Each structure stands twice: as C-alpha cells, then as structure tokens.
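Step one of this worksheet: look at the structure below.
All values reported here derive from a predicted model rather than from experimental measurement. Below, read A as the first sequence line, B as the second, and so on, with proteins coming before strands; counting in each chain starts at 1.
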Protein chains: 2
Amino acid sequence: MNSDNWQWWQYFLAIAEQGSLSRAADKLAVSQPTLSRQLQAMEAQLGQPLFDRSTQGLSLTDFGQGLLEECQHMQSSAQKLQRLATGQAQTLSGRVRLSANELMALHYLPGLLSRFMQRYPQISLEVEVSNHASNLDKRDADVAIRMFPPTQLDVYCRRLFDIPLGFYASLEYLAQQGEPCDSQSLFQHRILGYDRDPQFEEGARQLGMSVKNEQFLLRTDCLPLQLELAKQHAGIVVSHQTLCEAAGLIKLDVGIELPALPLYLVCHRDVQHNKKIRVLMDFLAETLELK
Amino acid sequence: MNSDNWQWWQYFLAIAEQGSLSRAADKLAVSQPTLSRQLQAMEAQLGQPLFDRSTQGLSLTDFGQGLLEECQHMQSSAQKLQRLATGQAQTLSGRVRLSANELMALHYLPGLLSRFMQRYPQISLEVEVSNHASNLDKRDADVAIRMFPPTQLDVYCRRLFDIPLGFYASLEYLAQQGEPCDSQSLFQHRILGYDRDPQFEEGARQLGMSVKNEQFLLRTDCLPLQLELAKQHAGIVVSHQTLCEAAGLIKLDVGIELPALPLYLVCHRDVQHNKKIRVLMDFLAETLELK
DNA sequence: TTATCGCTATTCATATTTGCATACCCTTTG
DNA sequence: CAAAGGGTATGCAAATATGAATAGCGATAA
C-alpha cells in the first residue's frame, strides 16, 4: 500500500486547481510529462480516474471531487508548516520576499532597498510589484506594504504614517487649461482616472460623490504612469503630496478634503519573529518615516 | 522556494516518530541512505537542523519540535484522504486487510476465508492476526473483528451474536485432578491464565472477584495455545463454548455465570461504502452466524 | 579493556525518473 | 476552410535519485 505518497496529493491538488497538467507542472516546477505520468500512476494505484481528460485540460471526476476538500486542508497544513519553519529562522542570510504596489516600489523603495542591501549583504531581496494584495498565507510574500488595514486575523501589522493626498497638475497644464477652483469646475478638466481598479470610485463614494471610471478620458491602473502623465501635462492627478511636489506639480485647492492614505507594514504572524523579516520591517518602518 | 515538498514533511514526521533513520526508512519503504540525504537537503533548505544526531538515533531540535504538531495535522489529512479514496472504490478487486485475534483467526476464519476467496477471486485478502486493536485511522486494517464495543466515534460497527464462554477441561485432567463443583474448589485447580493481557483480571473484577494473573501457574496470552493446552490435559481453560465442545472438553459447572463475549465487525466510516469492504463484512456477518 | 551492536554518513554502480522533442487531438480564429 | 494555439500522451537519451556495501562512530555489555 504505497498510496501514502504525500507528493501525489500535492500533485493532485495542483492539477485540480490549475485545471491543466501544463499549468500545474509550471507551478510545481516539474515538467508536464512527469506530471502526466505521476497522475497515471496515482490513478492506477487508486483504481479509478481522478480527472476526466479533454484536449482543453482536466476536470475532476466525482471521485476526485470528493477528495478535493480534505486535500485543501492538507495544503493549509503544508503552508502553515512552511511559515512556521521560516518563522524560526534566525539567520540574516537567505531570501525575503517583499510586496509593494507600483508607486511605492518605484518612488520610495529604490533608495531604501539599496541601503538595506548594503547593510545586510547576505539577505537576498525579492520584490513583488503588484497592485493586488499578495497572499501571505501562501507565502507569495513575506512582508507586504499595504495602503489598507489588514482583513485577516493572523497577520502581524505595523501602522506607519499617513500619506497625504491631493489634486495635482503641472504648471503648463494649468496655463493651458486654467485652474479649477471648486469641485464643479474640477470635473470639467482632464482628470487621470483608473482603468479597472475600483479604488477611485470607492474613495469618491466615501466622500459622498458618485464617480465612475468611465467618466475619465485618460485611464490607467498604473500609478507611476499617472504621475508621469501629469508631469507631461496630460491632466490632473490624485496622488501622494510629497511625490507630486517633488515632481514640481502644483497643488489644486478645489474644496475637496481628500483622506490621507494609511500606510501599513504587514507579515504573517507565524513569521513575525523571523530575524530577516523583522530586520526588513524595522528598516522599512524607520526609513520610510524619514522620507 | 522549493521547500513546499510535501514528501519532505512525510519524511520528517516518520523520522521524528521513529527516532532513527533506519526505522523510518523501513516504514517508508525507502533506504536509510536516501532518508539521510533527503533530510540533509531539507535541513539545508530550511537553514537549520531539524534533528540532533547521535549514534543512537536522532532527536528533535527545538526547531523541529515546533513543527511536529502541525505536521501531525498534515498526516491526519493524508490518512483521511487515503480512507476517502479507498472508501469510494467500487471494484471487487484489490486488497482488503482484515484484523482478528488469534482465536478467531485460527478457529473461525480458515474455512470462511477459503470460501470467501472462491466467491471473490479478484480480492486479495491480508489478515493481520493480533491481540491488540489495530488502528483503523491509519488503515492498519480495513475491517476488524473485535470482542469489545468500539470506542471511537468514526467507525461503522455491526454487532453480531454473543459468544458464550465457559470453564472447560479435558476428561483426562478431570480424572486425574477431580472435578471442581464450586468457585471455592475451582481455584484449587490449575487454571490456564493470561501472561500480560489484563482482560482476564478485568473480566473477573466485573464479576465481583479479585483475580491476579500471577495466581496462575501456566500463563500465556495466546488463546489458541490455552485451548491446545487444555486439550493436552494441562488445566482448566476459560474459552468459547462451541470451540471447547468441538474439542471434546467437558464443561464445568462451578456456579459462576460467565458473561458472553460480544462479537463486533467494524470498519472506518470513511470506507464503509467501499464495495470490497462491504462485501467482506457482509460475508463474515452471514457465515459467522452459521458457525 | 575489548568486542559487539546499532546507528549515521559516504561511495559508487545502477535503475528509475525526468525533461526534451514530438506526435496527435480538439477548439478557436482569421 | 486552413492555420494556429492550446491541450495531453509517448519515445528516448540524459540526469537524477536510489540502494547495496562499507566506513566510522559511540554506547553498552562481557
């Protein structure tokens, strides 16, 4: 009875989640033929197929479906084990994954991380630049810089300062288009909007205004690009005060009080005592304050 | 980050439980060098040792200790998965493990199992003969014949008939030693007792008598041997009525009312709908009744 | 003290597993 | 309708992991 091969369950779950051998193979860092054959062996051992094959991928049979849930429990144990294992690491060498959004990554981090690497030359940093919150459970990232409070219970969270926001435009833009003085005139202007990201709509809704992404003529979810566009006189941007002023943009007083963005540093509770992670968080907290 | 190798955790747990690479290797059906190297790789990946090595085996470091519990959770998921997987098997081929004590195995099963195999030639039977209850969780056995009610909640249990017990001795023994007529005179005789198994003491206690294994001069936990000894005139045995009578032993009336042994057929709830297991239990239930 | 026993680590030939290349199939798209 | 793009399965050479044998170590026992 050799079916107690834990690796098989890992394979099974990856295939079930990805819906295809190729994608699962990618994720598991093995080749597709290997996965194909391991799955065959597994099914042979169990005596019945786990998946229905098609040319578009694999879908769970009822039999496989019945195993999925428990296998996910098994996975969460595996993930927890990984976190526990890394959580106890007390060396200042090895890898740490940091997740941040594009604006943070491009405008705040470069100088900081450069200094960090000089101070801790044995630590190898991986920075994931992404607009969506990375999954700390799955260790997609060890540390994340977030602009919103944590929703999970099992994260260790440090709240840093607030980032003041404002409406900004370039001198040249204002010379050409005139300066809006209230919210009425503001919406006559070219405001740089978001593409698919609902955060702008959501923020406006909290201020009691109804705004749709579609209202705006120039839209992108890439915040550094928004900022760059504003510098190139493309329109009015809502962005970090310090960044905009450093870029020579002019603050517009349109009578709308924008809330400040709260800045959080988070990691999973299981890894909060990991020395590397602790050191990175401390460093970021310290040096971000000074910015 | 390739430490999400579920097999490693399986290895880790086996080593931790066995306390030695050699024993763990046995259990996992791999070789000891393989395990040694896999563990080295795992520890290298984690950056610190999981075990302290000595010439007597391995013992968990604090680090490893911190991982043990979650790893056991992972194991119980793996075991549950195995049960779920086998539980849905609807074929009448493959292996089924049956557990029974020695007396059942030697005096009841041979004929039955022989007929069972003729009726279901594709099913391969493994019989574990053991006096202690095998672990249905770990799939040490699929079906167990028990003389005591189940204590776990997650077992499927069928109660069969009761097996009447009695005091028996051979004609020749009685001719030599005389026949006891009450509990007083009974204890003057050579009664075949148990070695380490407390079931006799326990049974006597429930009848309101105080009995110690040490009182008896000829002791063994092997029930078929007790029976055989009685046949060879070695003493008085407490055993199944039908078996003793079939062996030509004489029932002694000593005024003690022995309780009958309840007979149970059990399997894990997760596998109760497995066709092979169902068929075996049905067959055993039917044919044991007729004995 | 010496011999023995059980354990881990290492060497090396081998066998298994792997990945590349590819065949083949189906669906989608131009 | 043809071609492209996704998918899985398979043949085969090469890399990888494996196990038998063995060295080496410390504890226990005689």
- Item | Straight-line distance of B/L84 CG to A/L68 CG, nearest 0.5 Å |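 These two atoms lie 11.5 Å from each other.
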How many whole angstroms separate atom [atom1] of [X] from atom [atom2] of [N]?
X	N	atom1	atom2	answer
A/L35	C/dC20	CG	P	14 Å
A/N5	D/dA17	CG	C1'	14 Å
A/D52	C/dC25	CG	P	20 Å
B/L28	D/dA17	CG	C1'	16 Å

- Sugar-phosphate means primed atoms, P, OP1 and OP2; the rest is base. With that split, encode nucleotides 4-9 of chain C 5' to 3' as B, S or - using protein heavy atoms under 4.0 Å. --BSBB
Below 3.5 Å is the cut-off: list the nitrogen or oxygen pairs between protein and nucleotides 15-18 of chain C, distance only.
| residue | atom | partner | partner atom | Å |
| --- | --- | --- | --- | --- |
| C/dT18 | OP2 | A/Q38 | NE2 | 2.8 |

- Look at B/K80 together with B/D270 and state whether they make a salt bridge at an N to O cut-off of under 4.0 Å.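 Here B/K80 pairs with B/D270 in a salt bridge, since their nearest N and O are under 4.0 Å apart.
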Would you kindly say whether [X] and [Y] are connected by a side-chain donor-acceptor distance under 3.5 Å?
X	Y	value
A/S77	B/E70	yes
A/Q152	A/D137	yes
A/N131	A/E102	yes

- Item | Summary of ring-ring contact (aromatic ring centres under 6.0 Å, His included) pairs that have at least one residue in residues 36-56 of chain A, sequence neighbours excluded |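 Every pair satisfying ring-ring contact (aromatic ring centres under 6.0 Å, His included) with a residue in residues 36-56 of chain A: A/F12-A/F51.
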- Message: Is the shortest side-chain heavy-atom distance between B/C71 and A/L81 below 4.5 Å?
- Response: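 Yes, close enough: below the 4.5 Å cut-off.
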- Report yes if some heavy atom in the side chain of B/L13 is under 4.5 Å from a heavy atom in the side chain of B/Q72; otherwise report no.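 A side-chain contact exists here, since the closest heavy-atom pair is under 4.5 Å.
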